[in-house]
Each structure stands twice: as structure tokens, then as C-alpha cells.
Peer 1: 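I have a structure here, written as C-alpha cells, and I will follow up with some questions on it.
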Protein chains: 2
Amino acid sequence: MTDSTRVRRGAGKRERLASAAARVLHEQGVEKTTLADIARAAGVPVGNVYYYFKTKDELVEAAIESHADGLKTLIAALERLPAPQDRLKALVRGWADQREVAARYGCPTGTLASELDKRADGLDRAIAKVMGALLDWVDQQFRQMGRTDSRELAVALVAAYQGISLLTNTFRDPALMATEGRRLEGWIDSLA
Amino acid sequence: MTDSTRVRRGAGKRERLASAAARVLHEQGVEKTTLADIARAAGVPVGNVYYYFKTKDELVEAAIESHADGLKTLIAALERLPAPQDRLKALVRGWADQREVAARYGCPTGTLASELDKRADGLDRAIAKVMGALLDWVDQQFRQMGRTDSRELAVALVAAYQGISLLTNTFRDPALMATEGRRLEGWIDSLA
DNA sequence: GTCTATATAGCGATAGAC
DNA sequence: GTCTATCGCTATATAGAC
């Protein structure tokens, strides 16, 4: 076995643990998820987790980074569209496409933000940064549409999504998000 | 000591525990709150809690009922206003008045709903019922305003509030909710 | 690098004295 | 009705064999 193979193996396990953490923490919540849950989902023995992550908090941090990466990828894809209102409507449509997940577990970022705000550690600032990045990007789109109240509109749009995610989850009804998504697309058109 | 005195004492402690539970569960979250936290907040010895509530879940249930009572009282006060759009705007203004609490701990009902949805027990249905009662009332107001899309609008309004509560909490910024409150009042006027 | 066994601590819940 | 002492379980984290 070469040295590089061992290194790649280690990296692979670390990534498996990080992505398993992101998924399981979303589905079960931070407090109800044990290290054993994450280890099982990643196919790694419990005690071995500590070779890659010193504490549970570090696993939560890795999950947040995973969400930050996902947002970055999403934004990069949306940037290919020429008109800002089309980019925003595509964002809304993307959210609506995830309505089944939202009905079962809520918005990955929103539920995490809600839970981490109840904790003393600094992880709530990390998830706020992710939410802030989304807000900034939406703000830019409204600004490019010529709106001077772009920040207020950005807050309203992201809040509408977070709120409908919570209601969709509370009532376990994906149709709520589908309807609200259509309403928001019409609202974006009305602002152009 | 008369019998009635003992009964009143018992009832008093039960109520103290229930209202302490509602407050502490909101501030710290369900999972991070211990029975010792609630007992301390109510001024009751830990072990004695079990005389009034058999399990922690029963305390959570009592907190939900406390929120349901609060909603009932709020709606009764709003019903005194003659015009439905004024009732809805007063509702929004009431939310905005609580923005400091929202910045620190989020919406009491919303954060509870988000957390309880991650649990296997039936308490998530109880909090959904409270949220449903609010939704039904808002729906009625829009209907009285002559809107045939009253349900969709009700979902949009409550979602806007839940979402802005989450953002206000995430960024610890009460101004977000103040601004969004004004925007929502203007939106309600535009629908009349 | 990998995994097992276990130390340590905290919490929900109970038993039982008063 | 009230309160103390404690049981039993579970979860994070570590020690150390391999």
C-alpha cells in the first residue's frame, strides 16, 4: 500500500463523515443526533470518528461548510442566466422543487440556524454567514433590476422562503410551498 | 391549614411550572432545557416536578397549551376592531412590537414547531394545531375583505412572519422585523 | 491509521422518608 | 403534598491494543 493511497483513504472517510453529518443533522436535528448516528450513516465505527473530528461541534461545522458549498454551487449555476429577474425566479423554482424534503425536514439552512441560535458556542455565527451570503446575492439581483429598496426586498424574499419552509414542514404539506413559489414568481415579475 | 388552601397551593405551583416551562423552553430550546432548569425558574425542587407532571413531554404539552391560550387572548383583542384589514394590520404591529424577543429567541410558536418536528412523539401535531388556528383566523379576515384567494394570502402572511422571525433571530437584528412589518402593512392595504 | 473497550458526566425518572 | 437521594440509561470523549 502506497503512502498516497493511505492519504486518499483518510480524506475519503473524512468527506463521507462530513456529508453524512450534513444529511443526518438536517433529518434528525443537531441535539437528537448522536455521533453513533453519523458514524453509522457514513459506515465508520463510532470511536474512529474522533480521528477525523475532535468534537461533535467540529462535525456540525463541517456540515455548515457543506451547506455553504452547496449555496456556492447553486449561485454559480444561476449566474449563467442573463436577466436578474430570471435568476431570482429560477432560485424560487429550485426551492419549490425541493418541497418534498422541506415537508419532511424543513429547510436545511433554516432549521440549522434555528437550532444553533439556542446554543452558546460560536456556530450560530457560521450559519448566519451562509444565510448572509444568500441575502447579499439576492440583494444584488434586485439592485440590478433597478430597485433602490433592494435590501428590503431581499430580506422579504428569503424570509418568505424560510417561513413557507417552516409551514410546509409543520403541516407536512408540499403543496403549500408549490403555491407560495408561484405567488413569489409573480411578485418578482411585478417588481421588474 | 384548610383543604382549599392546599388545593390552591397545588394549582399555583402547577401554573408556575407551566408558565416557567413556556418561557424557558422558548429561550433555551426543548432539547437543551433540563427539568432542573424549569424547576429552578419556577422555584420548585427538581424531584417535586414529577408530582405535577409525569414526564418532560407533559411539560412541553403544557407549554404548547400556554401558547394556545396566548393566541386565543390575542385574537379576542383583535376581534374588537371593526375592519378586517385593521385587524390584520394590528396583528402585524403586535408581531413587530415583539421584535426584541424575536431577535434573541425567535418566534415562540415557530421555534417550537421547528424543534418538535424532529421528534417522534405526537407533540408536533399539537403545535401544528396552534399554527393552524392562527392560519384559519387570518384566512377569515382576508375572506371578509372579499378575497377569494384568502387561504393563499393567509399562508403567505403567516409565512412572512415566521421567516422574518427566523432572519431577525439569525442576525440578532430587530430592525429587520420592524422594516418587514411596515412592508406587510402596506401589502395588506394594497389588497383591500 | 483503525477499532474496541471503557471512563466520565449529565439527565430523566423513581423510591421512599417526612 | 413536599423533598432528598439515587437508580439506570445514554452520549461524548478517551485510552490504548492492533
Side-chain angles (χ1 to χ4, degrees), chain A residues 1-18 20-22 24-64 115-116 118-123, chain B residues 1-18 20-22 24-25 27-64 112 115-116 118-123:
Chain A
M1 188 191 291
T2 66
D3 222 56
S4 70
T5 307
R6 279 211 299 273
V7 168
R8 270 197 283 109
R9 278 236 184 117
K13 269 198 184 177
R14 212 196 128 88
E15 275 165 41
R16 276 218 314 280
L17 279 166
V24 179
L25 289 174
H26 176 215
E27 292 175 0
Q28 306 189 345
V30 177
E31 301 298 334
K32 298 224 64 154
T33 298
T34 68
L35 292 175
D37 290 334
I38 296 172
R40 198 182 324 114
V44 170
V46 201
N48 198 4
V49 171
Y50 288 93
Y51 180 75
Y52 299 99
F53 298 94
K54 273 194 282 291
T55 63
K56 184 181 176 180
D57 276 10
E58 283 191 14
L59 266 166
V60 176
E61 207 175 347
I64 293 172
E115 239 187 314
L116 293 180
K118 305 288 185 195
R119 296 169 54 126
D121 52 52
L123 292 171
Chain B
M1 190 190 289
T2 66
D3 223 56
S4 69
T5 307
R6 280 211 298 276
V7 168
R8 270 198 283 109
R9 277 237 183 114
K13 269 199 183 178
R14 212 196 128 88
E15 275 165 42
R16 276 219 314 281
L17 279 166
V24 179
L25 289 174
E27 292 175 0
Q28 307 189 346
V30 178
E31 300 298 334
K32 298 225 63 158
T33 297
T34 66
L35 291 175
D37 291 335
I38 296 172
R40 199 182 322 113
V44 170
V46 202
N48 198 3
V49 170
Y50 288 92
Y51 180 75
Y52 299 98
F53 299 93
K54 274 194 281 291
T55 63
K56 184 181 178 181
D57 276 10
E58 283 191 14
L59 268 166
V60 176
E61 207 174 348
I64 294 173
L112 203 50
E115 239 186 314
L116 293 180
K118 304 287 186 196
R119 297 168 53 124
D121 52 51
L123 291 172

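The chains referred to below are lettered A, B, ... by the order of the sequence lines, with proteins before strands, and numbering in each begins at 1.
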Peer 1: If I take atom CD from residue E58(A) and atom CG from residue L123(A), how far apart are they, to the nearest 0.5 angstrom?
Peer 2: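 Answer rounded to 0.5 Å: 10.0 Å.
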Peer 1: Between dG16(D) atom C1' and Y51(A) atom OH, what is the distance in whole Å?
Peer 2: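 The answer, rounded to whole Å, is 15 Å.
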Peer 1: Do you know which two heavy atoms are closest between A39(A) and V49(A), and how far apart they sit?
Peer 2: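 Closest pair (atom of A39(A), atom of V49(A), distance): CB-CG2, 3.8 Å.
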Peer 1: If I take atom CZ in residue R16(B) and atom P in nucleotide dG1(D), what distance separates them, rounded to the nearest angstrom?
Peer 2: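 Whole-Å distance recorded here is 15 Å.
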Peer 1: Any donor and acceptor pair, going by atom type alone, linking the side chain of K13(A) with main-chain N or O of G43(A) inside 3.5 Å?
Peer 2: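 Between the backbone of G43(A) and the side chain of K13(A) there is no qualifying donor-acceptor contact (under 3.5 Å).
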Peer 1: In whole angstrom, give the distance that lies between atom CZ of R40(A) and atom P of dC3(C).
Peer 2: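 Taking CZ of R40(A) and P of dC3(C), I get 16 Å after rounding.
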Peer 1: When you measure from the side chain of N48(A), which nucleotide among dC3(C), dG1(D), dT12(D) comes out closest?
Peer 2: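 Selected nucleotide (nearest to the side chain): dC3(C).
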Peer 1: Could you state the atom-to-atom distance from CG of L17(B) to C1' of dT2(D) in whole Å?
Peer 2: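 These atoms are roughly 13 Å apart.
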Peer 1: Drop me the distance from R14(A)'s CZ to L59(A)'s CG, to the nearest 0.5 angstrom.
Peer 2: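 So the CZ of R14(A) and the CG of L59(A) are separated by 8.5 Å.
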Peer 1: Flag the pair E31(A) and R119(A) as a salt bridge only when some basic side-chain nitrogen lies within less than 4.0 angstrom of an acidic carboxylate oxygen.
Peer 2: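 Yes.
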Peer 1: Can you sort out which residues in residues 25-32 of chain A have a heavy atom within less than 4.0 Å of DNA chain D? Ascending by number, please.
Peer 2: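 DNA chain D contact set from residues 25-32 of chain A: none.
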Peer 1: What is the separation between atom CD1 on I38(A) and atom C1' on dA11(D), rounded to the nearest whole Å?
Peer 2: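 Checked: the CD1 to C1' distance equals 12 Å.
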Peer 1: Starting at CD1 of I38(B), measure out to CG of L25(B) and round the result to the nearest 0.5 Å.
Peer 2: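 CG of L25(B) is found 4.5 Å from CD1 of I38(B).
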Peer 1: Got a sec, which residues hit side chain to side chain donor-acceptor pair (under 3.5 Å) with N48(B), two or more places apart in sequence or on another chain?
Peer 2: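 N48(B) satisfies side chain to side chain donor-acceptor pair (under 3.5 Å) with no residue once adjacent residues are dropped.
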Peer 1: Just how far, in rounded Å, is P of dG1(C) from NZ of K13(A)?
Peer 2: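 The distance from NZ of K13(A) to P of dG1(C) comes to 11 Å, rounded to the nearest Å.
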Peer 1: What's touching nucleotides 13-15 of chain C from the protein side, N or O pairs under 3.5 Å?
Peer 2:
residue	atom	partner	partner atom	Å
dA13(C)	OP2	K56(B)	N	2.9
dA13(C)	N7	Y50(B)	OH	3.4

Peer 1: Which atom names give the shortest non-hydrogen contact between Q28(B) and K32(B), and what distance separates them?
Peer 2: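 Closest approach of Q28(B) to K32(B): O-CB, 3.5 Å.
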